[in-house]
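I have placed the structure first, in the form of structure tokens, so that the comments after it can refer back to it.
Order of the sequence lines sets the chain letters (A, B, ...), proteins ahead of strands, with each chain counted from 1.
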Number of protein chains: 2
Amino acid sequence: MNAQFKKGVLELIVLLCVSHKDRYGYELIVEVSKIVDINDGTIYPLLKRLTNEKYFETYLVESTEGPSRKYYKITSLGEARLSELKESWLAFSSSINEFIRESEESDKE
Amino acid sequence: MNAQFKKGVLELIVLLCVSHKDRYGYELIVEVSKIVDINDGTIYPLLKRLTNEKYFETYLVESTEGPSRKYYKITSLGEARLSELKESWLAFSSSINEFIRESEESDKE
DNA sequence: TTTACTACTTGACAATGTAAGGTAGTAAGT
DNA sequence: ACTTACTACCTTACATTGTCAAGTAGTAAA
């Protein structure tokens, strides 16, 4: 997979994941890894940034399986950011796909 | 448009453009701008990189409308890179789109 | 007490796009 | 002759975001 494609899209994926239910970092790593290849050093700084930007609020919950889990909860600002990003992604990806399709058309001629 | 989405995709767009016919830099700026927002400071370094990586060969052609044009021609290595990138993009974008769709499904529940 | 798994954090680094500026040729208007 | 505009190319300093590698620490089973 091209590493560069991920840029910017990770934020969308993480926002989507958290929008369904509150999540903690480690859980997000597992979830997000199903879709794109990432390591934990990518997720935690991203969560920090999104929290600084007021898209997430956090709270701690003790765990019986290890250290306390820091949960991330989406804010209304985060929801707004999510729908903005989602729309922006859909427009972007479909315009690229259309360009690819057009290219394939003109190759036939 | 989200600036980050562009990362990596520009290379695909430029390869696609050049694969149809030889292009010069300024022409590419005009072409590529139709699809994504870019400035010339993005294109020229990219063309240099792709040429260094042997995806393009270049030749100069004099112009009656200004300075000589440096044309870029795709190599067979470049064609291979293009189909690799294209496939990689299609797989990537469809997996993201599927994830978005699934999210919307689970929102209804 | 060692190993493995969960969980979070940080800092140096790499890749790629942006902004802003520069050089220079052609051509048309004043 | 001088200016303006358009064509054409290039470079440098910078910002953003992801990667890698390393570290800290709690729980629990062998």
Side-chain angles (χ1 to χ4, degrees), chain A residues 1-15 18 22-33 35-53 55-56 58-72 81 85 88-89 92 96, chain B residues 1-15 18 22-33 35-53 55-56 58-72 81 85 88-89 92 96:
Chain A
M1 201 194 89
N2 188 301
Q4 296 302 317
F5 289 160
K6 267 178 262 186
K7 304 255 170 173
V9 178
L10 260 184
E11 182 178 336
L12 171 59
I13 295 173
V14 167
L15 281 163
V18 177
D22 299 358
R23 304 275 198 171
Y24 56 97
Y26 193 79
E27 189 186 11
L28 280 168
I29 291 160
V30 175
E31 276 300 298
V32 175
S33 294
I35 306 157
V36 289
D37 220 65
I38 38 120
N39 63 33
D40 57 337
T42 301
I43 290 291
Y44 290 113
L46 175 58
L47 289 172
K48 200 178 216 176
R49 176 167 68 83
L50 296 178
T51 305
N52 285 340
E53 289 170 352
Y55 298 145
F56 290 152
T58 65
Y59 56 93
L60 285 173
V61 174
E62 279 173 49
S63 165
T64 57
E65 294 159 68
S68 291
R69 293 166 173 170
K70 189 190 270 186
Y71 276 83
Y72 295 83
R81 172 68 173 163
L85 255 188
S88 167
W89 161 259
F92 177 79
I96 302 298
Chain B
M1 201 193 89
N2 188 302
Q4 297 302 316
F5 290 159
K6 269 177 259 186
K7 303 256 169 172
V9 178
L10 261 182
E11 181 177 338
L12 171 59
I13 296 173
V14 167
L15 281 163
V18 178
D22 300 359
R23 305 275 198 170
Y24 57 97
Y26 192 81
E27 189 187 12
L28 280 167
I29 291 160
V30 175
E31 274 302 297
V32 174
S33 293
I35 305 155
V36 288
D37 221 64
I38 37 120
N39 63 34
D40 61 336
T42 300
I43 291 291
Y44 290 114
L46 175 59
L47 290 172
K48 197 178 217 174
R49 176 167 69 81
L50 296 177
T51 305
N52 286 340
E53 288 169 352
Y55 298 145
F56 291 150
T58 63
Y59 56 93
L60 285 174
V61 174
E62 279 174 52
S63 166
T64 55
E65 295 158 67
S68 290
R69 295 165 173 171
K70 188 190 273 185
Y71 276 83
Y72 295 84
R81 172 67 174 163
L85 254 189
S88 166
W89 162 258
F92 177 80
I96 302 298

Check: What is the per-nucleotide protein-contact pattern of nucleotides 24-30 of chain D, from the 5' end, where B denotes a base atom under 4.0 Å from a protein heavy atom, S denotes such proximity for sugar-phosphate atoms only, and - denotes neither?
Finding: -BBSS--

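- Here C/dG22 presents its P atom at 18 Å from OH of B/Y44, a figure rounded to the nearest Å.
- Between A/Y26 and the phosphate of C/dC8, there is no side-chain N or O to OP1/OP2 separation shorter than 4.0 Å.
- A heavy-atom distance below 4.5 Å is found between the side chains of A/L46 and A/V14.
- Legend: residues meeting ring pair (Phe, Tyr, Trp, His ring centres under 6.0 Å) with A/Y24, ordered by chain and number and at least two apart, are A/Y71.
- Counting heavy-atom neighbours within 6.0 Å of A/D37 CG, excluding the residue itself, gives a total of 12 or less.
- Between B/V18 and B/R23 the shortest heavy-atom distance is CA-CG, 4.0 Å.
- In this structure, CG of B/L60 is placed 14 Å from C1' of C/dA24, rounded to the nearest angstrom.
- Note: CZ (A/R23) to P (C/dA7) measures 13 Å, nearest angstrom.
- Residues forming a salt bridge (charged side-chain N to carboxylate O under 4.0 Å, His left out) with B/R81 (at least two apart in sequence, or on another chain): B/E11, B/E84.
- In this view, A/D40 and A/I29, A/Y44 satisfy the side-chain contact (heavy atoms from CB on, under 4.5 Å) rule, not counting sequence neighbours.
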Notebook entry, point to check: If the sugar-phosphate is the primed atoms plus P, OP1 and OP2 and the base is the rest, what is the B/S/- string for nucleotides 13-21 of chain D, using protein heavy atoms under 4.0 Å?
Noted result: ---BBSBBB

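- When the ring pair (Phe, Tyr, Trp, His ring centres under 6.0 Å) test is applied to A/F92, the partners found at least two apart in sequence or on another chain are B/F5.
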